[in-house]
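What follows is one structure encoded as structure tokens, with my remarks underneath.
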There are 2 protein chains.
Amino acid sequence: MVSATVSTTGSGAADGSARTASADGRSAPLSRQAVIDHALALADVDGPAAVSIRRIAQDFGVTPMALYWHVKNKDELLAAMGDRILDTIDLPDRKPASGLEELRGLLAVLVDALHRHPGCTALAQQRVLACDSGRQLAERALDILRSNGFGVRQSADLSRAALQTSIMLVSGRPGAETATPQDERAAVLAGKRAALVGLPADRFPHLVECADALTDCDDEAAYYGAGIDLYLAGVTALQQCQAAAAR
Amino acid sequence: MVSATVSTTGSGAADGSARTASADGRSAPLSRQAVIDHALALADVDGPAAVSIRRIAQDFGVTPMALYWHVKNKDELLAAMGDRILDTIDLPDRKPASGLEELRGLLAVLVDALHRHPGCTALAQQRVLACDSGRQLAERALDILRSNGFGVRQSADLSRAALQTSIMLVSGRPGAETATPQDERAAVLAGKRAALVGLPADRFPHLVECADALTDCDDEAAYYGAGIDLYLAGVTALQQCQAAAAR
DNA sequence: ACCTGAACACCGTTCAAGT
DNA sequence: ACCTGAACACCGTTCAAGT
């Protein structure tokens with residue numbers, strides 16, 4: 001285990017080449033960024049529940065209290081993880097001519113950013129209105145909605161729905177299993193599928209029929225695209241409905 | 001503190017009238033149902049993080065290990081909490097003539113059930129395909145979608161979206177703050193609103209404008225109704241779009 | 001059938017102390 | 001500036017033992 005990113009055995013400081021918490025080579029120095037990155041990696045591999053101060057310290061070959069120099073406490077670490085996810089978003093250029101269609105690109109970049117750490121969507125969600133990159137995202141969504149005829153209340157609710165749609169698409173993707181450690185995911189998923197297939201066909205005909213579709217997402221891009229389409233179709237219908245009521 | 005439901009001071013067995021963990025009168029006997037109910041109450045009042053085996057035991061005036069007679073372990077307790085939420089749903093009658101509109105009633109009862117324990121939506125979500133009442137709900141959603149012309153894949157994805165839309169409406173409602181203990185919610189919310197209002201108006205004009213709408217939901221029924229409408233508009237548009245492509 | 005006592009392996013966190 | 005040691009108040013859980 002010379003340069004393991006996230007070792008399941010998790011005895012980071014056993015041998016001489018300790019501090020092998022990062023991917024590139026060995027001996028990643030302890031730093032705020034390194035701690036946050038490793039926490040995200042931990043969440044990806046072993047599930048968000050595996051993120052603990054003590055575990056991170058162990059993986060860096062350092063004492064738990066060492067982390068408190070780089071991070072205020074665990075809550076602040078979790079917030080920083082959410083911020084980091086949102087920071088990777090680079091907002092598409094504004095193109096006011098395209099109407100509500102412009103929302104599509106916005107949701108796409110958000111989904112993309114969330115998809116890199118699917119077990120941490122909740123952390124990102126909590127930071128949308130709290131960190132700068134999240135606020136830029138929300139501001140952009142509101143801008144598009146406001147300039148397409150929606151009022152304050154409706155723009156607020158629809159922008160919320162946009163962000164939450166993205167989050168639910170990623171965290172609720174069939175077969176995501178973000179809470180389960182990576183190496184158990186296949187087994188857990190197979191179990192769930194088997195449970196659905198084995199259901200009494202007279203009571204749950206559709207669950208049996210859809211068992212595969214409910215537990216696996218063969219085409220991620222199509223899945224996300226369809227989810228974004230659904231939201232957009234709803235918003236567009238709402239806009240037309242209101243335009244009709246106005247005249 | 002004779003018959004407090006969830007006492008913040010939390011010394012359940014201090015006086016003689018211990019075991020006052022339930023609402024009606026005093027001395028609720030320890031039982032599986034009582035444990036689950038109290039766990040839900042705890043989550044509602046002090047946030048889901050406050051649900052612990054030791055805290056529940058304390059509120060019942062009993063030793064932590066006593067709970068393990070009624071509940072296998074904490075994970076099983078959390079699952080039972082989710083089941084309990086879904087069990088309160090009573091499914092509306094089928095009315096095949098109404099087309100996709102029938103989904104509206106389904107989402108409404110789900111939103112209603114979730115809204116009673118808004119901090120526990122994630123627990124319910126994880127149990128939808130795992131417990132009987134959740135499966136009935138999913139089966140019904142699939143039934144409506146399948147009998148309105150959607151294929152297996154699309155019905156699976158749209159039924160997921162339906163459930164997740166409900167969950168996001170409840171847990172993401174402006175001003176919900178389900179993670180914060182009840183008595184801090186007002187203060188936390190005021191802080192968030194103030195942070196938005198105080199944002200630089202040149203960079204975030206819409207966030208400033210929408211600060212109130214983003215942090216408060218003056219009309220819950222209207223909010224939930226509009227959210228369900230949005231989903232339904234999307235699904236209906238999708239249906240028409242496909243019908244057009246088919247001919 | 002239902003509960004307790006003692007014990008274990010985990011948490012996050014503080015505070016004084018080291019270099 | 002950056003890290004450690006010892007200590008505290010929490011967790012969930014097991015297991016043998018009580019009634």
Side-chain angles (χ1 to χ4, degrees), chain A residues 6-14 16 18-22 27-36 38-39 42-43 46-82 123 179-181, chain B residues 6-14 16 18-22 27-36 38-39 42-43 46-82 123 179-181:
Chain A
V6 177
S7 65
T8 335
T9 63
S11 64
R19 296 194 169 183
T20 76
S22 102
S27 144
L30 194 56
S31 74
R32 184 177 164 85
Q33 279 305 332
V35 167
I36 296 168
H38 187 64
L42 261 176
D46 285 351
V51 176
S52 80
I53 297 282
R54 293 180 115 104
R55 169 71 192 273
I56 295 168
Q58 183 184 255
D59 289 349
F60 275 99
V62 104
T63 214
M65 297 75 77
L67 294 199
Y68 285 90
W69 182 259
H70 304 276
V71 133
K72 186 161 171 274
N73 53 33
K74 189 177 178 181
D75 279 349
E76 202 234 13
L77 170 60
L78 295 175
M81 291 165 69
L123 300 181
T180 323
Chain B
V6 176
S7 64
T8 335
T9 63
S11 65
R19 296 195 168 183
T20 76
S22 104
S27 142
L30 194 56
S31 74
R32 184 177 164 85
Q33 279 305 333
V35 167
I36 295 168
H38 186 63
L42 262 176
D46 285 352
V51 176
S52 79
I53 297 283
R54 293 180 115 104
R55 167 73 192 273
I56 295 169
Q58 183 183 254
D59 289 349
F60 274 99
V62 103
T63 214
M65 296 75 79
L67 293 200
Y68 285 90
W69 182 260
H70 304 276
V71 132
K72 186 161 170 276
N73 52 35
K74 190 178 177 181
D75 279 348
E76 202 234 12
L77 170 60
L78 295 176
M81 292 166 68
L123 299 181
T180 323

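Just so we're on the same page: letters track the sequence lines, and every chain starts at 1.
Counting to the nearest Å, the P atom of dG12(D) and the CG atom of Asp75(B) are 11 Å from each other. Summarising the geometry, the separation between CD1 on Ile53(A) and P on dT14(C) is reported as 11 Å, rounded to the nearest angstrom. Atom CZ in Arg32(A) sits about 13 Å away from atom P in dC2(D), given to the nearest Å. Put simply, CD1 on Ile56(B) is 12 Å from C1' on dG12(D), counting in whole angstrom units. Between Phe60(A) atom CZ and dC3(D) atom P there is a gap of 11 Å when expressed in whole angstrom units. One can place CH2 of Trp69(B) at 14 Å from C1' of dC15(D), the figure rounded to the nearest angstrom. In this structure, Leu78(B) places its CG atom 14 Å from C1' of dC11(D), rounding to the nearest Å. Between the CG atom of Asn73(A) and the P atom of dT14(C) there is a distance of 7 Å, given to the nearest Å.
Proximity note for Tyr68(A) (side chain, C-beta onward) versus dC3(C), dT13(C), dC11(C): the nearest is dT13(C).
Taking each heavy atom of Ile53(B) and Leu67(B) in turn, the nearest pair found is O-CD1, 3.4 Å. Ile36(A) and Ala80(A) get closest at one heavy-atom pair: CD1-CB, 3.5 Å. Nearest heavy atom pair, residue Tyr68(B) against residue Asn73(B), reads CE2-CA, 4.0 Å. When all heavy atoms of Ala34(B) and Pro29(B) are compared, the closest pair comes out as CB-O, 3.7 Å.
Separation of atoms CZ (Phe60(A)) and OG (Ser31(A)) is listed at 7.0 Å; rounding is to 0.5 Å. Note: Asp46(B) CG to Arg55(B) CZ = 5.0 Å, rounded to the nearest 0.5 Å.
Put simply, His70(B) has no side-chain N or O that comes within less than 4.0 Å of OP1 or OP2 on dA1(C).
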- Message: Reading 5' to 3' and counting Watson-Crick or G-U wobble pairs with both distances under 3.5 Å, write the dot-bracket notation for DNA chain C, | for bases paired outside the strand.
- Response: ||.|||||...|||||.||
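Considering only residues two or more places apart in sequence or on other chains, Ala39(B) meets the side-chain contact (heavy atoms from CB on, under 4.5 Å) condition with Val51(B), Ile56(B), Leu77(B), Met81(B). Under the side-chain contact (heavy atoms from CB on, under 4.5 Å) criterion, Ala79(A) pairs with Arg127(A), sequence neighbours left out. With sequence neighbours excluded, the residues forming a side-chain contact (heavy atoms from CB on, under 4.5 Å) with Arg54(A) are Ser52(A), Pro64(A), listed by chain and number. In terms of the side-chain contact (heavy atoms from CB on, under 4.5 Å) criterion, residue partners of Ala66(A) (sequence neighbours excluded) are, by chain and number, Leu30(A), Val62(A), Thr63(A).
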Below 3.5 Å is the cut-off: list the nitrogen or oxygen pairs between protein and nucleotides 4-8 of chain C, distance only.
residue, atom, partner, partner atom, Å
dT4(C), OP2, Thr63(B), N, 3.0

Just the atom pairs and distances: protein N or O near nucleotides 16-19 of chain D's N or O, under 3.5 Å.
none

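Annotation: salt bridge (charged side-chain N to carboxylate O under 4.0 Å, His left out) contacts involving residues 61-77 of chain B, sequence neighbours excluded, comprise Arg32(B)-Glu76(B).
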